[in-house]
Asker: 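I'd like to ask you about the structure that follows.
Counting convention: from 1, in listed order, for ligands and their atoms alike.
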Amino acid sequence: MANEKTYAMLKPGVLERKIVGEIISRFEKKGLRIAALKLRKIPRELCEQHYAEHKDKPFFSELVNYVTGGPVVTMVISGEEAISTVRKICGATKPAEAAPGTIRGDYGAVVTKNVIHASDSPESAAREIKLFFETEEVIDYPTGDETYLV
Ligand SMILES: Nc1ncnc2c1ncn2[C@@H]1O[C@H](COP(=O)(O)OP(=O)(O)O)[C@@H](O)[C@H]1O
Ligand SMILES: [Mg+2]
């Protein structure tokens, strides 16, 4: 078991559909903790850096257009095994393949608009948190988890 921090980002459709609270509450109910949270429109260059591993893929410009086309919610989520746990709660990349009960399985229809991004490894988490947040914006605080989770 390891306490980890991961980066997650709610894509613009979540703001349009007004389901920000529903999505974030899934992480809270699981016992994970919001360590940083911001609503913003991200510049194209930052979005391209974030998705740099996909820059040669055919869907790259459609993805960047979508994610920069409206506000997103950027977050750092922390907790036990947060990186893999958050990925599991999000579900498979393609909403059609994402299991019911996962965020993408329950709210997604189209792969570009698959509701949420989440870091896929410790290296990605560290890189992405640094891209979107200053060190002092990521906050550790007690939640009393040990009384009911540990
Ligand atoms: N074949 C595809 N066609 C269109 N968009 C895609 C495709 N594959 C991935 N994407 C988009 O690019 C994002 C990043 O892809 P990837 O890193 O493979 O998935 P994940 O977000 O699950 O880590 C996905 O969340 C999705 O919105
Ligand atoms: Mg990815």
Side-chain angles (χ1 to χ4, degrees), residues 1-135 137-140 149:
M1 299 278 274
N3 197 278
E4 294 174 339
K5 289 188 171 66
T6 191
Y7 175 71
M9 179 168 68
L10 307 184
K11 297 184 181 182
V14 176
L15 281 299
E16 290 165 22
R17 294 163 71 187
K18 307 185 195 77
I19 52 173
V20 171
E22 282 178 48
I23 306 288
I24 292 179
S25 73
R26 291 182 172 219
F27 300 116
E28 293 187 313
K29 284 177 190 164
K30 180 66 181 168
L32 297 163
R33 184 164 55 81
I34 305 302
L37 185 66
K38 205 182 281 188
L39 172 70
R40 62 183 292 199
K41 278 190 84 174
I42 58 174
R44 190 168 191 90
E45 191 182 316
L46 175 60
C47 191
E48 287 176 350
Q49 260 182 291
H50 171 65
Y51 282 122
E53 66 176 304
H54 300 300
K55 69 177 180 342
D56 298 323
K57 307 257 175 73
F59 59 81
F60 184 69
S61 60
E62 185 188 345
L63 177 64
V64 172
N65 286 342
Y66 177 59
V67 174
T68 57
V72 298
V73 172
T74 58
M75 296 183 274
V76 177
I77 300 174
S78 78
E80 287 296 320
E81 315 266 349
I83 298 166
S84 60
T85 303
V86 168
R87 289 283 291 188
K88 283 185 203 135
I89 292 170
C90 291
T93 303
K94 294 184 177 161
E97 292 170 8
T102 65
I103 291 169
R104 288 162 167 175
D106 288 351
Y107 295 95
V110 174
V111 65
T112 305
K113 303 179 179 176
N114 61 355
V115 186
I116 186 164
H117 165 85
S119 307
D120 63 5
S121 65
E123 295 71 30
S124 302
R127 187 182 80 86
E128 293 168 1
I129 291 169
K130 198 155 175 255
L131 263 183
F132 287 93
F133 289 97
E134 303 295 334
T135 311
E137 291 178 317
V138 181
I139 300 172
D140 281 313
L149 286 176

Asker: Which donor-acceptor pairs under 3.5 Å do side chains of residues 20-37 form with protein atoms, sequence neighbours excluded?
Answerer:
| residue | atom | partner | partner atom | Å |
| --- | --- | --- | --- | --- |
| Glu22 | OE1 | Tyr107 | OH | 2.5 |
| Ser25 | OG | Gly21 | O | 3.4 |
| Ser25 | OG | Glu22 | O | 2.9 |
| Arg26 | NH1 | Gly101 | O | 3.2 |
| Arg26 | NH1 | Asp106 | OD2 | 3.2 |
| Arg26 | NH2 | Asp106 | OD2 | 2.9 |
| Arg33 | NH1 | Ile139 | O | 3.4 |
| Arg33 | NH2 | Ser78 | OG | 3.0 |
| Arg33 | NH2 | Asp140 | OD1 | 3.4 |

Asker: Compile the protein residues with any heavy atom at a distance under 4.0 Å from an atom of ligand 1; present them by chain, then by number.
Answerer: Lys11, Tyr51, His54, Phe59, Leu63, Arg87, Thr93, Arg104, Val111, Thr112, Asn114
Asker: Say whether, by atom type as modelled, one donor and one acceptor occur between the side chain of Asn114 and the main chain of Gly108 under 3.5 angstrom.
Answerer: no
Asker: Drop me the distance from Arg40's CZ to Thr74's OG1, to the nearest 0.5 angstrom.
Answerer: 6.0 Å
Asker: Could you tell me whether Arg44 and Glu48 make a salt bridge, using a distance below 4.0 angstrom between a side-chain N and a carboxylate O?
Answerer: yes
Asker: Distance from Ile83 atom CD1 to Ile77 atom CD1, nearest 0.5 Å?
Answerer: 11.5 Å
Asker: Let me confirm one number: the CZ-CD1 distance from Arg104 to Ile89, rounded to the nearest 0.5 Å.
Answerer: 12.5 Å
